[in-house]
Amino acid sequence: MTLKFGVIGTGAIGREHIKRITDKLAGGKIVAVTDVNLDSAKQAVEQYSLDATIYEDDQALCQDENVDAVLVTSWGPAHEQNVLNAIEAGKYVFCEKPLATTAEGAMRIVQAEMKHGKKLVQVGFMRRYDPGYVQLKNAIDANEIGEPLMVRCVHRNPEVPETYGTEMAVVDTLVHEIDVLHWLINDDYKSVQVLYPKKTSRAHAGLKDPQIIILETKSGIIINAEVFVNCHYGYDIQCEVIGEDGVAYLPEPASLVTRKSAQLSQSIMTDWKVRFIDAYDVELQDFMDSIKQIGEPNGPTAWDGYIAAVTTDACVKAQNSGQKEDVALEEKPAFYDNKAAVN
Ligand code: NAP
């Protein structure tokens, strides 16, 4: 069975996903596209020689009987309505982050999906598909380091444009840690506080950089997350989980080691797109395979999208108040408890 995709949003990541579904992955095909800028949709169809219908709006695309699954890669504020339209039409949805820009919006999606009665939505939190994070997760779940007590992590970018503001450090950047960390340690967040160390001279006037975000979980694990988006030297993702019996580290990406001129060296990546490129492939392949095998997506759920939205809201509040703020999650519905296994 070929899963037929309708794509909403043919910007940068929309086109990358179109390319991987068309040229690289197995079992999917693009049959419809739309974009707020129709010329962009037409260009994407030409660029990848797609045999696809171009729609003027997302509702018409979702209603197309030929479309099995909707790929939402529009800009963030449009995601909620795109996803609701897809659920209304009974279509599977792969939605790039954020699922919605507010916790209320994410909850509307959760409720629409539960009303539909079957899981349809996967959120594009690709780090869960990165081999290093999978290794870390397996070690924690196998109790290799005992009960996790603390987590230290780092998210550094060489630089950001003038349009990148203080809130984006959590809404656009930390959001990946927010998703992957509660999955890693099997716990929910309880509170968050944000500290601002001495500001780097490389950050523009409107941006506080770096930031330290301290998350506490319901069981008492303390997570210390650094976001430093003008670190200058590279794109650097680190994660260290400290347990009762030992410490586990996220493996560094493979890189050639050289010995030359009295120096032992290894390079550090500079482009985030390259760091998780394989994870993007694996997440979309898993979306297609699990729908075929078990009739529902197997990856991060709409509930995970809701957790991310509530937590980023609390982080923004903590950025502004300087105080410890509650992460006030609703009780997880039983609908999101069970996960069927995919071969
Ligand atoms: P993009 O290149 O800007 O394209 C997104 C689409 O939104 C384009 O159709 C663009 O239209 C439209 N758009 C941009 N700004 C808009 C505005 N102010 N009003 C209305 N429409 C607007 O963005 P992208 O990099 O592909 O990102 C798309 C989504 O994927 C975002 O939610 C982003 O957070 C997410 N993303 C996730 C990852 C990840 O690591 N998982 C990586 C990258 C992006 P135009 O063609 O007219 O500009």
Side-chain angles (χ1 to χ4, degrees), residues 5-21 30 32-48 52 54-58 61 70-83 86 93-102 105-106 109 121-130 132-133 155-157 160-165 167-181 183 227 229 235 237 253 269 271-287 297 299-302 304-305 308-309 312:
F5 281 91
V7 181
I8 305 176
T10 50
I13 198 151
R15 289 189 194 207
E16 282 175 31
H17 286 337
I18 288 173
K19 185 170 160 50
R20 54 171 56 87
I21 290 167
I30 311 296
V33 293
T34 188
D35 192 284
V36 21
N37 169 0
L38 266 191
D39 283 341
S40 165
K42 287 176 193 156
Q43 281 163 17
V45 166
E46 273 174 36
Q47 186 177 358
Y48 300 106
I54 297 167
Y55 282 101
E56 295 216 348
D57 64 67
D58 62 334
L61 177 138
V70 177
L71 183 63
V72 176
T73 46
S74 52
W75 79 311
H79 289 186
E80 179 188 342
Q81 197 53 54
N82 296 155
V83 175
V93 195
F94 182 96
C95 179
E96 265 308 335
K97 59 91 187 161
L99 179 64
T101 51
T102 62
I109 291 173
V121 180
Q122 176 164 332
V123 184
F125 286 125
M126 76 295 177
R127 284 203 192 176
R128 297 188 190 199
Y129 292 93
D130 173 71
Y133 277 109
H155 191 142
R156 298 187 188 135
N157 294 60
V160 287
E162 285 278 319
T163 48
Y164 186 105
E167 277 191 14
M168 288 172 81
V170 294
V171 173
D172 270 8
T173 302
L174 185 78
V175 68
H176 286 292
E177 272 79 14
I178 287 173
D179 177 69
V180 84
L181 293 179
W183 167 78
V227 175
V229 292
Y235 179 68
I237 300 297
M269 286 179 178
D271 186 349
W272 58 268
K273 288 194 210 90
V274 182
R275 172 66 179 85
F276 291 107
I277 191 111
D278 295 336
Y280 290 116
D281 290 346
V282 185
E283 68 168 352
L284 268 174
Q285 190 64 63
D286 184 50
F287 177 75
T301 61
D304 292 312
T312 49

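Both ligands and their constituent atoms are indexed starting at 1 by order of listing. Along the sequence shown, residues carry numbers from 1. Since the structure is predicted, the reported quantities are computational estimates derived from the model, not experimental observations.
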| query | Counting heavy atoms not belonging to Gln47, are there more than 12 under 6.0 Å from its CD? | reply |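 Result for CD/Gln47: enclosed.
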
| field | Residues in salt bridge (Lys or Arg N to Asp or Glu O under 4.0 Å) contact with Glu80, at least two apart in sequence or another chain | value |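 For Glu80, the residues satisfying salt bridge (Lys or Arg N to Asp or Glu O under 4.0 Å) (neighbours in sequence not counted) are Arg108.
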
| message | Taking salt bridge (Lys or Arg N to Asp or Glu O under 4.0 Å) as the definition, give me every residue that meets it alongside Lys273, ordered by chain and number, with sequence neighbours left out. | response |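 Counting only residues at least two positions away or on another chain, Lys273 forms no salt bridge (Lys or Arg N to Asp or Glu O under 4.0 Å).
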
| task | Look at the aromatic rings of Phe5 and Phe287 and report parallel, tilted or perpendicular, splitting at 30° and 60°. | result |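 Tilted: the ring planes of Phe5 and Phe287 meet at 30° to 60°.
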
| Donor-acceptor under 3.5 Å (Asp304 side chain, Thr301 main chain) |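 Indeed, once roles are kept as given, a pair shorter than 3.5 Å links the two residues.
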
| Which protein residues have a heavy atom closer than 4.0 Å to any atom of ligand 1, listed by chain and number? |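 Residues Gly11, Ala12, Ile13, Asp35, Val36, Asn37, Thr73, Ser74, Trp75, Gly76, His79, Glu96, Lys97, Pro98, Gly124, Met126, His176, Trp272, Tyr280 each place a heavy atom under 4.0 Å from ligand 1, listed by chain and number.
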
| query | Residues two or more places apart in sequence or in another chain: which of them pass ring pair (Phe, Tyr, Trp, His ring centres under 6.0 Å) with His79? | reply |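 Ring pair (Phe, Tyr, Trp, His ring centres under 6.0 Å) list for His79, sorted by chain: empty.
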
